[in-house]
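Heavy-atom basis, side chains included; hydrogens, waters and symmetry copies ignored. This chain uses plain numbering: 1 for the first residue, then up along the sequence.
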Amino acid sequence: ADAIVQEWNAQSDVIDFTAMPMTRFQMTVVDRSDADADLWRGAILAFLRSDLLCYRAVAPAELAARQAAVWDPLLAWAASEGVSLKTGAGVGYLAQPEEALHRGDDLLSAAGAPSLLAMKTAAEIAGSAVIALALGRGAFHPEELFEASRVDETYQAEKWGWDADAEARARLMKRDFLNAARYSTLSASTSVAD
């Protein structure tokens, strides 16, 4: 509530909802959670079926090593939560174990609407339900999770140079991801019904 009050107090003659992420998240939960919570859960589960962290580069070796170093701890955490996913080389579809998908569904079913909305937002930005689940459960620092979603892009930029437009897009994505993380944290101990 304090974060929302601060956003409203920062407005002047024209209300700029783009500068009010906590307000937007909360309005969406209040207005849409009864109708859309199952859709939010389904959207996250769709990412679990084709999670970014499961599709690995074969070459160059440096990128493959970086993916393993950053992504393997996240997958190990997911496995400790009962969501054991398979990894493979390339981009061909990799069917995940049904037990892992069911466990992911169980974890999401236990989440409240604010957490689901934050995790859905994170999954869409990161391309990863594992990253979204880790965010929702506070398992890793949000900045670390966002950077994990950008391993490939960061490697390519380091190798071939930084593009101003791509950097601008990445900054916006990071802002939105961290806003989802903040909303998840702020709403963790409250309920929409409170």
Side-chain angles (χ1 to χ4, degrees), residues 21 40-105 107-108 115-185:
W40 300 342
R41 185 169 43 258
I44 301 164
L45 283 172
F47 281 101
L48 193 60
R49 294 182 180 280
S50 58
D51 202 283
L52 167 75
L53 308 186
C54 297
Y55 294 86
R56 303 300 178 90
V58 177
E62 182 183 354
L63 175 58
R66 191 179 296 190
Q67 289 175 339
V70 175
W71 293 349
D72 286 355
L74 292 167
L75 289 174
W77 170 82
S80 77
E81 295 287 321
V83 183
S84 297
L85 300 177
K86 296 188 297 187
T87 63
V91 294
Y93 179 70
L94 182 64
Q96 295 297 343
E98 285 300 316
E99 312 84 63
L101 300 174
H102 289 306
R103 178 59 181 152
D105 191 28
L107 292 172
L108 293 170
S115 184
L116 282 174
L117 180 58
M119 286 190 287
K120 175 189 155 300
T121 302
E124 290 170 343
I125 292 168
S128 169
V130 170
I131 287 175
L133 283 166
L135 179 78
R137 295 176 72 83
F140 294 84
H141 191 279
E143 295 233 8
E144 182 182 357
L145 291 171
F146 178 76
E147 293 306 323
S149 76
R150 306 285 301 166
V151 167
D152 293 354
E153 292 83 357
T154 300
Y155 175 81
Q156 294 299 330
E158 289 171 359
K159 181 94 173 148
W160 304 109
W162 298 90
D163 174 81
D165 290 339
E167 284 187 77
R169 280 192 302 277
R171 280 193 300 275
L172 292 175
M173 291 169 65
K174 183 175 185 178
R175 178 203 66 195
D176 292 346
F177 187 92
L178 295 179
N179 281 334
R182 182 171 182 234
Y183 180 72
S184 180
T185 299

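Side-chain contact between Met119 and Arg41 is absent, with no heavy-atom pair separated by less than 4.5 Å. For the pair Asp152/Gln67, a side-chain contact is recorded, criterion being any heavy-atom separation below 4.5 Å from C-beta on. Side chains of Ile131 and Phe47 form no contact here, defined as non-hydrogen atoms less than 4.5 Å apart. Residues Glu124 and Asp176 have side chains not in contact (no heavy-atom distance under 4.5 Å, counting atoms from C-beta outward).
Side-chain contact, Gln156 with Trp160: a donor N or O sits under 3.5 Å from an acceptor N or O.
The two residues Leu135 and Ala122 make their nearest non-hydrogen contact at CD2-CB, 3.5 Å. Closest heavy-atom contact between Ala129 and Asp51: N-OD2, 2.7 Å. Counting all heavy atoms, side chain and backbone alike, Ala43 lies closest to Lys120 at CB-CG, 4.2 Å. For the residue pair Pro60 and Tyr155, the shortest heavy atom distance occurs at CG-OH, 3.1 Å. The two residues Ala57 and Leu63 have their closest heavy-atom pair at CB-CD2, 3.9 Å.
Atoms OH and CG, from Tyr183 and Leu117 in turn, are 6.5 Å apart once rounded to the nearest 0.5 Å. The CG atom of Leu85 lies 11.5 Å from the CZ atom of Arg49; values are rounded to the nearest 0.5 Å. For the atom pair CG of Leu53 and CG of Leu74, the computed distance is 6.0 Å after rounding to the nearest 0.5 Å. Taking CG of Leu45 as the reference point, atom CD of Gln96 lies at 12.5 Å (rounded to 0.5 Å). Here Arg66 contributes atom CZ and Glu158 contributes atom CD; the two are 4.5 Å apart, rounded to the nearest 0.5 Å. Annotation: the span from Leu172 atom CG to Ile125 atom CD1 amounts to 10.0 Å, rounded to 0.5 Å.
Counting only residues at least two apart or in different chains, salt bridge (charged side-chain N to carboxylate O under 4.0 Å, His left out) contacts with residues 94-104 are absent.
With a 6.0 Å radius and a threshold of 12 heavy atoms from other residues, nucleotides or ligands, Arg150 has its CZ atom above the threshold.
For Ser184 (side chain) and Ala181 (main-chain N/O), no donor-acceptor pair under 3.5 Å exists by modelled atom type. Looking only at distances, a side-chain donor or acceptor of Tyr55 sits under 3.5 Å from a matching main-chain atom of Leu94. Using a distance-only test at 3.5 Å, with no hydrogens or angles considered, a donor-acceptor pair links the side chain of Asn179 to the main chain of Arg175. Lys86 contributes no side-chain N or O that, together with a main-chain N or O of Pro97, makes up a donor-acceptor pair within less than 3.5 Å. Between the side chain of Trp71 and the backbone N or O of Cys54 there is no donor-acceptor pair closer than 3.5 Å.
Exactly one residue among Leu116, Asp105, Thr121, Leu107 makes a side-chain contact (heavy atoms from CB on, under 4.5 Å) with Ile44. That residue is Leu116.
Classified by interplanar angle (parallel below 30°, tilted 30° to 60°, perpendicular above 60°), the ring pair Phe140/Trp77 is perpendicular.
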Discussion item. Between Val130 and Leu133, is the side-chain contact (heavy atoms from CB on, under 4.5 Å) condition met? List the steps.
Written reply: CA-CA 5 Å; Val130 170; Leu133 283 166; 5.6 Å; no
Worksheet item: So Glu81 and Arg137, salt bridge (Lys or Arg N to Asp or Glu O under 4.0 Å) or not? Walk me through it.
Response: CA-CA 10 Å; Glu81 295 287 321; Arg137 295 176 72 83; 3.0 Å; yes
